[in-house]
Amino acid sequence: AQSVTQLGSHVSVSEGALVLLRCNYSSSVPPYLFWYVQYPNQGLQLLLKYTSAATLVKGINGFEAEFKKSETSFHLTKPSAHMSDAAEYFCAVSLNQGGKLIFGQGTELSVKP
Amino acid sequence: AAGVIQSPRHLIKEKRETATLKCYPIPRHDTVYWYQQGPGQDPQFLISFYEKMQSDKGSIPDRFSAQQFSDYHSELNMSSLELGDSALYFCASSLDAPGERISNTFGSGTRLTVV
């Protein structure tokens, strides 16, 4: 069975500060991991994905995530937050790259001016 | 580039009524997924189809059914609607073929409100 836990349902940072959103996974097989972003009343947009090719994954909008097997983590980071980054972020796990997704509970990111 | 198209965008139904949601996947994608996202919740997998056959089933109520048609579009049918069915329903499509793998790409969703 697979599962994802996102630590912190709400994270608040100042504009220009580091963004760190935490995600830990559980999987009996090598996982495929994803980060999606959801703006209010909109669909889910893929930020980045880990497919075992490289442990440090770069995504859109300056986000990146590092797969750490020893820590079963896939935390999302961005060096400098922008107001437009305010949204809900979901970490997800799957058995394969095109498979069904198991989502974490989501983390709402607020960015203060 | 073509995206996943869902219709309608918004739907208001009364309790015990029936609703049908439609999804048109990205051309060439071989798998369609349906997810339900309740207010303030994470998306929950309902059901999926691979090449028009049901491939997996999640937490989908017996009152719901779905199918994928010959043109690859999919419909989610919901009967005897309850207040708790009010949610955002997403469709996603993907491709998992040798040499070409594309992750779940989501539509904008259908917001169903049951009153």
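Naming: A, B, ... by sequence-line order, numbering from 1 per chain.
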Would you say the side chains of A/Q2 and A/S27 form a donor-acceptor pair under 3.5 Å? yes
Among B/G109, B/S55, B/S108, residue most engaged with chain A (heavy-atom pairs, under 4.5 Å): B/S108
Under 4.5 Å from any heavy atom of chain B, what part of A/E108 do you find: side chain, backbone, both or neither? neither
If one checks every heavy atom of A/K49 against chain B at 4.5 Å, the contacting part turns out to be side chain
Are A/Y36 and A/F90 close enough that their ring centres sit under 6.0 Å apart? no
Region of B/Q6 in contact with chain A, defined by heavy-atom distances below 4.5 Å: neither
Which atoms of B/Y35 are under 4.5 Å from chain A, going by heavy atoms: the side chain, the backbone, both sets, or neither? side chain
Residue B/M53 excluded, over 12 heavy atoms near CE under 6.0 Å: no
Does B/K52 qualify as a cation-pi partner of B/Y72, given the criterion of NZ or CZ under 6.0 Å from the six-membered ring centre and within 45 degrees of its axis? yes
Would you call the rings of B/F90 and B/F106 parallel, tilted or perpendicular, taking 30° and 60° as the class edges? perpendicular
What part of B/D56 lies closer than 4.5 angstrom to a heavy atom of chain A: side chain, backbone, both or neither? side chain
